[in-house]
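What follows is a set of notes on a single structure, which appears directly below.
The figures here come from the full heavy-atom set of this structure, side chains too, leaving out hydrogens, waters and symmetry mates. In the text below, chain A, chain B and the rest are named by the order of the sequence lines, each starting its count at 1.
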Amino acid sequence: MELSLYDTQSRSEKIVTSKNSEVITIYCCGPTVYRDAHIGNLRTFLLTDLVVRALHVLGKKTLVVQNITDVGHMTDDFEEDKLLAQGKSESRSARDVARDYEGRFHRDLAHLNISPADHYPRASESIDLMFAHIQKLIDLGHAYVGTDNTVYFSAKSFPTYGAISGNTLEKLKPGHRYDYVDDGAKQFHADWALWKSSPNRNEMVWNSPWGTGFPGWHIECSAMSLKFLEGHVDLHIGGIDLRFPHHENERAQSNPIVNGEAVSQWLHGEHLLFEGRKMSKSAGNVVLVSHLLDKGLDPLALRFCFLENRYRSQMDLSWESITAAHQTLAKWRLLAASTQPTARDSIQALNQEVREIVNEIVSAFCDDLDTPRAMQILRSAVKSSLADNLKSSLLNAIEPLFGLALTRAIDVKEPSSEILQLLEERRAARAAKDFNLSDALRKRLDELGITIHDGPEGQRWEWKI
RNA sequence: GGUGGAAUGGCCGAGAGGCGAGGCUCGGGACUGCAAAUCCCGCUACACGGGUUCAAAUCCCGUUUCCACCUCCA
């Protein structure tokens with residue numbers, strides 16, 4: 001089996017292969033670390049994880065690089081610049097802000113069981129790479145120094161501009177949705193800055209061959225991807241909003257350097273909506289991993305929700321769906337914990353029936369990451385008449401692919417002595433057939449977060465979700 | 001205006017020309033002292049108008065509406 005994924009540029013599915021070696025090189029656009037990543041950002045980062053997990057299950061090797069944008073992607077206006085403005089509002093340096101949120105980003109990934117990339121290069125530590133890259137583009141005639149000392153890429157110098165997004169230069173009209181002011185600094189309205197001259201700023205600026213300033217937004221990805229993936233990206237991943245202009249410009253900057261297509265395949269993840277709207281500060285519906293933790297929800301319930309939707313579809317999420325996933329996850333973990341799997345280690349050692357289900361699931365992943373289908377296969381297997389120990393084997397076997405920690409021991413808080421006493425009183429009341437008292441105690445325990453299950457074997461309890 | 005998508009029951013969502021995926025909610029039943037959990041049953045949908053076909057959610061033409069991107073964006 002091979003992993004096939006939709007490629008934005010060719011608008012068709014392509015099998016993921018390596019161009020230069022047996023290692024598949026993957027670049028994923030990373031976070032700008034001026035705030036916490038919200039769960040929409042994390043959906044895109046999960047996409048990379050799913051690709052990598054699928055490739056590993058197929059026995060492929062990968063090299064994954066994700067940048068950390070701690071500079072660049074900046075504006076001249078202090079108030080508008082995200083890192084500088086955030087530093088100001090938190091009364092600390094932009095650098096401190098960046099390092100802090102970078103750490104939090106890694107914690108969020110860990111909560112969602114997203115396997116780490118092999119390298120996380122920081123833009124601030126790759127400035128020299130960018131200098132070299134920009135200089136080459138100037139030498140090749142693709143870039144020029146404008147009248148404002150900013151270095152611009154000449155869009156017209158790159159004939160296939162627009163191949164990814166469909167926004168070719170004839171179709172891009174200046175000023176349609178923004179106020180375009182032709183100050184004469186650049187030669188063509190669609191040209192963009194590679195190095196932004198900024199003589200008046202004193203924080204987050206560098207001395208370059210073209211004067212003091214900071215890098216343009218797109219150059220870091222070109223420079224870092226080609227450096228850390230040794231000149232070729234087999235698969236480039238990012239959010240759909242990056243398709244234009246970011247990836248279009250990145251392609252224009254990278255291709256001339258390698259004298260060919262620097263990226264074999266472009267993979268874009270669609271956006272996540274929350275309760276019907278795009279997550280934004282103004283809509284007040286930005287959800288963070290920490291919000292899930294505050295509500296006592298397992299962050300992997302979020303991973304579960306993401307898996308139930310196709311990465312190429314816009315997805316609408318709500319607290320209701322996360323809670324439902326949380327409950328299903330808890331049920332499956334109970335099942336996995338209730339019996340010993342027959343075989344833990346290799347797919348070959350599995351019972352044939354289980355092996356066939358695993359194969360179906362792997363092939364759903366290979367079909368452009370059809371995770372909803374994979375989840376459905378798993379769901380019906382869990383509901384089927386398959387013996388419990390085989391179900392348990394199945395949950396173990398697919399763990400490397402799903403990453404839902406289905407076999408994780410259930411995290412149980414110790415009940416307080418009050419709760420233990422109430423439970424004992426209720427047991428006694430039931431034994432004495434004092435149902436008024438036992439019902440009152442059940443209500444009281446419910447208020448303390450305890451759900452009671454009465455069965456033939458007596459009273460059981462668990463923490464409410 | 002350009003570009004890329006989408007429209008399926010109360011809700012979320014799969015769908016391959018041919019018996020209506022699945023999940024959640026809700027209603028009914030079994031079980032239970034009563035509940036809960038679990039199991040069983042029920043809720044017969046494909047934006048609109050044409051067309052092709054023995055047969056269309058699926059293919060073709062047209063229309064409408066919605067979302068995203070068009071120099072902050074995952």
- Message: Taking only the P atom of each, what is the distance from B/G29 to B/A36 in whole angstrom?
- Response: 13 Å
- Task: List for me each residue that meets side chain to side chain donor-acceptor pair (under 3.5 Å) alongside A/Asp368, sequence neighbours excluded, and say none if there are none.
- Result: A/Tyr311, A/Arg312
- Item | Spacing between A/Leu169 atom CG and B/U3 atom P, to the nearest angstrom | 14 Å
- Item | side chain to side chain contact (heavy atoms under 4.5 Å, CB included) involving A/Leu273 - partner list, sequence neighbours excluded | A/Lys278, A/Gln314, A/Asp316
- Which part of the nucleic acid, if any, lies within reach of A/Leu273 when heavy atoms closer than 4.0 Å are counted: base, sugar-phosphate only, or nothing? nothing
- Message: Under the rule for side chain to side chain contact (heavy atoms under 4.5 Å, CB included), what residues qualify as partners of A/Asn167, not counting sequence neighbours?
- Response: A/Ser165, A/Leu172, A/Phe244
- Query: Can you name the residues that form a ring-ring contact (aromatic ring centres under 6.0 Å, His included) with A/Phe105, not counting sequence neighbours?
  - Reply: A/Phe45
- Message: Work out how far the P atom of B/U8 is from that of B/C48, and round it to whole angstrom.
- Response: 10 Å
- Query: Where the side chain of A/Arg243 is concerned, which of B/G4, B/U3, B/C72 is the nearest nucleotide?
  - Reply: B/G4
- Task: Go through the structure and list residues passing side chain to side chain donor-acceptor pair (under 3.5 Å) with A/Glu13, not counting sequence neighbours.
- Result: A/Ser4
- Message: Just to verify, what does A/Tyr6 make a ring-ring contact (aromatic ring centres under 6.0 Å, His included) with, not counting sequence neighbours?
- Response: none
- Protein-nucleotide distance (A/Leu288, atom CG; B/A74, atom C1'), rounded to Å: 14 Å
- Query: Counting any heavy atom closer than 4.0 Å, what does A/Tyr6 reach on the DNA or RNA strands: base, sugar-phosphate only, or nothing?
  - Reply: sugar-phosphate
- Query: Considering only the C1' atoms, how many Å lie between B/G15 and B/A6, rounded to the nearest integer?
  - Reply: 16 Å
- Query: Starting at CG of A/Leu307 and ending at P of B/G22, how long is that distance when rounded to a whole Å?
  - Reply: 20 Å
- Item | Of A/Pro245 and A/Gly269, the one whose closest RNA chain B nucleotide lies more 5' | A/Pro245
- Task: Give the stems involving RNA chain B, where a stem is 3 or more consecutive Watson-Crick or G-U wobble pairs (i with j, i+1 with j-1, and so on) under 3.5 Å.
- Result: B:1-7 with B:64-70, B:10-12 with B:22-24, B:26-30 with B:38-42, B:47-51 with B:59-63
- Query: If you measure from the P atom in B/G18 to the same atom in B/U25, how many Å do you get, rounded?
  - Reply: 31 Å
- When A/Pro31 and A/Arg312 are each assigned the nearest nucleotide of RNA chain B, the 5'-most assignment goes to A/Arg312
- What pairs with A/Val263 under side chain to side chain contact (heavy atoms under 4.5 Å, CB included), at least two apart in sequence or on another chain? A/Val233, A/His236, A/Trp266
- Message: With rounding to the closest Å, how many angstrom separate the P atoms on B/C26 and B/U65?
- Response: 36 Å
- Which class fits the ring pair A/Phe228 and A/His119: parallel under 30°, tilted 30 to 60°, perpendicular over 60°? tilted
- Counting any heavy atom closer than 4.0 Å, what does A/His38 reach on the DNA or RNA strands: base, sugar-phosphate only, or nothing? base
- Query: Residues two or more places apart in sequence or in another chain: which of them pass ring-ring contact (aromatic ring centres under 6.0 Å, His included) with A/His106?
  - Reply: A/Tyr120
- For every nucleotide of nucleotides 32-38 of chain B, 5' to 3': is a protein heavy atom under 4.0 Å from its base (B), only from its sugar-phosphate (S), or from neither (-)? -BBBBSS
- Message: Using 30° and 60° as the class boundaries, would you call the ring planes of A/Trp195 and A/Trp210 parallel, tilted or perpendicular?
- Response: tilted
- Counting just side-chain N and O atoms, does A/Tyr161 come under 4.0 Å of either OP1 or OP2 of B/U71? no
- A/Leu272 CG - B/G5 C1' separation (whole Å): 17 Å
- Task: Rounded to whole angstrom, note down the P distance from B/G42 over to B/U63.
- Result: 43 Å
- Protein-nucleotide distance (A/Asn167, atom CG; B/C69, atom P), rounded to Å: 13 Å
- Quick one: A/Tyr101 OH to B/A74 P, roughly how many Å, whole number? 15 Å
- Message: Between P on B/G2 and NE2 on A/His189, what's the gap in Å once rounded to a whole number?
- Response: 16 Å
- Message: I need the CG-C1' distance between A/Asn249 and B/C70, as an integer number of Å.
- Response: 12 Å
Quick test: give all pairs of protein nitrogen or oxygen and nucleotides 8-18 of chain B nitrogen or oxygen below 3.5 Å, distance rounded to 0.1 Å.
none

- Item | A/Ala163 backbone acceptor or donor facing A/Thr160 side chain under 3.5 Å | no
- Pick the P atom in B/G49 and in B/U64, then give their distance to the nearest Å. 15 Å
- Taking only residues two or more places apart in sequence, or in another chain, which ones meet A/Pro245 in a side chain to side chain contact (heavy atoms under 4.5 Å, CB included)? A/Trp217, A/His218, A/Asn249
- Query: Between B/G22, B/U71, B/C70, which one does the side chain of A/Trp192 approach most closely?
  - Reply: B/U71
- Within 45° cone and under 6.0 Å: A/Lys196 NZ/CZ vs A/Phe214 ring: no
